[in-house]
Trainee: 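I have a structure here, written as structure tokens, and I will follow up with some questions on it.
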Amino acid sequence: MKCYTPCKRHQLLDLVLQYDSFKKEIGKPHFFTDSQRFLINQERAKIMQNDTDFTQNEAVIIKIAFVVEQIKTNHWNPQKPIEYK
């Protein structure tokens, strides 16, 4: 069985979605709207299909970068890392 090894961008997108979900679960303001989460998931799907023609929305790119900085600032790590199979 072939094992999927995600690229760094895919791992980053997974991390920001996990952090956003975590914030929402604990009742804190989260970062992404449903439509922005959809766009992030769409990018993840394109990455897994090796589609290099996908261009992410500029506002979403900026927000992803902001969330990455929040993760670093707060030294946050997911309680359960994603297992790629």
Side-chain angles (χ1 to χ4, degrees):
M1 185 171 154
K2 187 176 178 185
C3 183
Y4 175 71
T5 305
C7 66
K8 293 211 181 278
R9 178 68 177 175
H10 187 173
Q11 292 174 3
L12 179 80
L13 296 174
D14 287 343
L15 187 65
V16 297
L17 287 173
Q18 281 184 298
Y19 187 62
D20 189 58
S21 294
F22 168 75
K23 296 294 266 185
K24 192 173 185 178
E25 287 172 8
I26 63 170
K28 301 282 184 180
H30 54 101
F31 302 98
F32 301 109
T33 64
D34 289 342
S35 60
Q36 289 170 330
R37 289 180 68 89
F38 176 81
L39 290 171
I40 293 169
N41 279 308
Q42 187 177 29
E43 181 179 353
R44 289 172 64 231
K46 295 295 185 178
I47 289 170
M48 291 191 312
Q49 296 170 352
N50 291 320
D51 182 347
T52 58
D53 294 331
F54 183 79
T55 304
Q56 186 59 271
N57 177 296
E58 186 67 29
V60 174
I61 292 171
I62 291 167
K63 197 172 273 193
I64 289 169
F66 174 76
V67 174
V68 168
E69 286 304 313
Q70 291 295 306
I71 291 169
K72 289 178 183 177
T73 299
N74 295 315
H75 306 288
W76 183 83
N77 286 304
Q79 290 179 345
K80 183 179 178 189
I82 294 175
E83 293 181 24
Y84 299 95
K85 295 181 181 184

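Throughout, numbering of the chain's residues begins at 1 and tracks the sequence.
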Trainee: Do you know the tightest heavy-atom contact between Lys23 and Pro29?
Mentor: CB-O, 3.8 Å
Trainee: Testing the basics here: between Asp14 and Ile82, what is the closest heavy-atom pair and its distance to 0.1 Å?
Mentor: CB-CD1, 3.5 Å
Trainee: Drop me the distance from Lys8's NZ to Ile47's CD1, to the nearest 0.5 angstrom.
Mentor: 13.0 Å
Trainee: May I ask you to test the Val68-Tyr19 pair for a side-chain heavy-atom distance under 4.5 Å?
Mentor: no
Trainee: Mind listing the closest non-hydrogen atom pair of Pro6 and Gln11 along with its distance?
Mentor: O-NE2, 3.4 Å
Trainee: Take atom CZ of Phe54 as the centre, draw a 6.0 Å sphere, and report whether it contains more than 12 heavy atoms from other residues, nucleotides or ligands.
Mentor: yes
Trainee: Kindly check if the number of other-residue, nucleotide or ligand heavy atoms within 6.0 Å of CG (Asp34) is above 12?
Mentor: no
Trainee: Mind checking the CD1-CZ spacing from Ile71 to Phe31? Nearest 0.5 Å is all I need.
Mentor: 8.0 Å
Trainee: Quick check: closest heavy atoms across Arg44 and Leu17, and the distance to 0.1 Å?
Mentor: CD-CD1, 3.8 Å
Trainee: What's the spacing between Trp76 CH2 and Leu15 CG if we round to 0.5 Å?
Mentor: 5.5 Å
Trainee: Do Arg9 and Ile64 have side-chain heavy atoms sitting under 4.5 Å apart?
Mentor: yes
Trainee: Taking the side chain as every heavy atom from C-beta outward, state whether Leu39 and Glu43 have any pair of such atoms under 4.5 Å apart.
Mentor: no
Trainee: First locate atom CG of Leu13, then atom CD of Gln56, and finally report the distance between them rounded to the nearest 0.5 Å.
Mentor: 7.5 Å
Trainee: Would you say Gln49 has more than 12 foreign heavy atoms packed within less than 6.0 Å of its CD?
Mentor: yes
Trainee: Considering all heavy atoms of both residues, which atom of Phe32 and which atom of Asp20 are nearest to each other, and what is their separation?
Mentor: N-OD1, 3.2 Å
Trainee: Are Gln18 and Ser21 side-chain neighbours, meaning at least one heavy-atom pair lies under 4.5 Å?
Mentor: no
Trainee: Looking at every heavy atom in both Thr33 and Gln36, which two are closest together, and how far apart are they?
Mentor: N-OE1, 2.9 Å
Trainee: Are Ile40 and Ile61 grouped together when hydrophobic residues (ILVMFWY) are joined by side-chain heavy atoms under 4.5 angstrom apart?
Mentor: no
